[in-house]
Amino acid sequence: MKIGVVGAGLMGAEIALVFALAGHDVLLNDRDQASLDRALARLRGVLEKGVGRGLYTADQVEPALARIRPALDLKAFADRELVTEAVFEALDIKAPVLQSLAAITAPACIIASNTSTIPISTLAAHVPPERRGKFLGTHYFSPVSRMKLVEVIPGFDTHEATVTQVLQIMQEIGKTPIRVKDVAGFAVNRMLHVFMIEAVKLVEEGVATPEDLDTACRLGLGHPIGPFALMDAVTSSLCVQAQEIMQEAYGERFRPPALLKQRVRAGYVGGKGKPGWYKLPGK
Ligand SMILES: NC(=O)c1ccc[n+]([C@@H]2O[C@H](COP(=O)([O-])OP(=O)(O)OC[C@H]3O[C@@H](n4cnc5c(N)ncnc54)[C@H](O)[C@@H]3O)[C@@H](O)[C@H]2O)c1
């Protein structure tokens, strides 16, 4: 297929990569050349590290990278058959991108958004009514090259044939899709944040330390990573933001714990180069 991805950040670059690894022709767009160069350099690193871990073979690296062509001008997307939007999580940034994509691509092109918190039907309002049958959400998980799940989320007007086709495409690129209704947080984040909120409350009550609770989840529940290490990986600020959106939708059970908000305000957010629940190595 002729694939397009808009936004070459953490998610978009690796979404491009999984399509390229499956043999598809991919155009990758971002706002400037430097972002595209950075994304391609990072993907080379992902592939080379993956070869070292036995996830890919050495002869997959160059062909996969060659299938991802940077495109600064969205007009190059005119011949695309499936385009995924993965720009910043803000409606005022996503809306013009979706409007441009609907104007540039052919009516047969499927447009998918990788939003994690904006309702698909809200985004669908920014493509013309005649394109909404081929508009839906495909919610990937980070790191996209390794996490197999994709939540496939139809909006009010998404055609059933589009959903079926996208579920099949996801399987063909090696993902395991699940179909989810368009509700705040979709399915995974709803489960995850109830869990994270309760984990922070256990720390607030002095029941156990973050380290011990992570150990409990890994060794007692078989989770690959505990909730505190996960908050540090995705950043606690993003967690608070998601919890506030779900609190608005579902009420008190998603209220961000006071301790989590306090730590975010104090700068303990996690992410690259910042301390979180865990101190930075060597500090
Ligand atoms: N980070 C995660 O774990 C995660 C998981 C699932 C879904 N998501 C969603 O994926 C989307 C992207 O998240 P991310 O973490 O990759 O963000 P990111 O900040 O790493 O990347 C976003 C990219 O979009 C580019 N961009 C911004 N405006 C643009 C425009 N108008 N045209 C072209 N490119 C533009 C930026 O330059 C940047 O490279 C968001 O909607 C986010 O909610 C993120």
Side-chain angles (χ1 to χ4, degrees), residues 7 9-12 14 86-94 113-120 122-123 137 139-144 146-147 149 151 153 180 182-283:
L10 183 71
M11 299 300 286
E14 290 201 26
V87 301
F88 296 138
E89 185 74 353
L91 185 57
D92 61 341
I93 295 184
K94 289 191 188 287
S113 173
N114 184 47
T115 181
S116 24
T117 54
I118 305 172
I120 298 306
T122 303
L123 292 173
H139 185 217
Y140 295 80
F141 292 80
S142 180
V144 180
R146 302 247 302 279
M147 302 299 270
L149 186 74
E151 290 180 304
I153 309 122
V180 178
D182 184 21
V183 295
F186 308 134
V188 171
N189 279 333
R190 256 177 87 172
M191 294 189 284
L192 175 65
H193 285 284
V194 165
F195 187 71
M196 280 178 171
I197 288 168
E198 202 56 33
V200 176
K201 283 184 181 166
L202 286 169
V203 174
E204 279 179 334
E205 291 167 21
V207 176
T209 65
E211 290 81 359
D212 282 354
L213 290 167
D214 275 358
T215 301
C217 291
R218 280 187 282 106
L219 304 188
L221 298 175
H223 292 186
I225 182 172
F228 296 93
L230 187 57
M231 279 182 253
D232 279 0
V234 301
T235 74
S236 289
S237 43
L238 208 68
C239 292
V240 168
Q241 204 185 322
Q243 287 161 17
E244 282 172 346
I245 288 168
M246 286 188 271
Q247 184 191 0
E248 198 183 309
Y250 306 112
E252 281 307 290
R253 70 186 200 266
F254 283 100
R255 176 186 288 280
L259 178 62
L260 187 61
K261 286 169 80 171
Q262 202 180 4
R263 290 183 65 90
V264 168
R265 282 196 289 263
Y268 291 91
V269 287
K272 266 214 175 101
K274 295 214 182 95
W277 293 99
Y278 289 88
K279 290 196 178 75
L280 292 174
K283 297 256 164 110

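- Between the side chain of Lys94 and the backbone N or O of Val87, at least one donor-acceptor pair lies under 3.5 Å.
- Under the side chain to side chain contact (heavy atoms under 4.5 Å, CB included) criterion, Leu221 pairs with Phe195, Cys217, His223, sequence neighbours left out.
- In this structure, OG on Ser116 lies 14.0 Å from OH on Tyr140, to the nearest 0.5 angstrom.
- Legend: residues meeting side chain to side chain contact (heavy atoms under 4.5 Å, CB included) with Phe186, ordered by chain and number and at least two apart, are Thr115, Ile120, His139, Glu151, Ile153, Val180, Asp182.
- A side chain to side chain donor-acceptor pair (under 3.5 Å) check over residues 240-251, counting only residues at least two apart or in different chains, returns the pairs Arg190-Tyr250, His193-Gln243.
- Every residue meeting the side chain to side chain contact (heavy atoms under 4.5 Å, CB included) condition with Pro143, not counting sequence neighbours, appears here in chain and number order: Glu14, Ser145, Arg146, Met147.
- Remark: Ala90 pairs with Asp92, Ile93 by the side chain to side chain contact (heavy atoms under 4.5 Å, CB included) rule, at least two apart or across chains.
- Contact check for Asn114 versus Val144: no side-chain heavy atoms found under the 4.5 Å cut-off.
- For Arg263 (side chain) and Gly276 (main-chain N/O), a donor-acceptor pair under 3.5 Å exists by modelled atom type.
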Which pairs of donor and acceptor atoms, one on a side chain in residues 227-239, lie under 3.5 Å apart (sequence neighbours left out)?
residue	atom	partner	partner atom	Å
Asp232	OD1	Trp277	N	2.8
Asp232	OD2	Trp277	N	3.2
Asp232	OD2	Tyr278	N	2.9
Thr235	OG1	Ser237	OG	3.4
Thr235	OG1	Leu238	N	3.3

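- The minimum heavy-atom distance between Met11 and Ser142, with the atom names listed, is SD-CB, 3.8 Å.
- Applying the side chain to side chain donor-acceptor pair (under 3.5 Å) test to Ser113 and every residue at least two apart in sequence or in another chain returns Glu85.
- Residues satisfying the side chain to side chain donor-acceptor pair (under 3.5 Å) test with Arg255, not counting sequence neighbours, are Glu252.
- Residues satisfying the side chain to side chain donor-acceptor pair (under 3.5 Å) criterion with Asn189, sequence neighbours excluded, are absent altogether.
- In terms of the side chain to side chain donor-acceptor pair (under 3.5 Å) criterion, residue partners of Thr117 (sequence neighbours excluded) are, by chain and number, Glu89.
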Sequence neighbours excluded and cut-off under 3.5 Å, please list the side-chain donor-acceptor pairs for residues 197-212, or say none.
residue	atom	partner	partner atom	Å
Glu204	OE2	Ala258	N	3.3
Glu204	OE2	Leu259	N	2.9
Thr209	OG1	Asp212	N	3.0

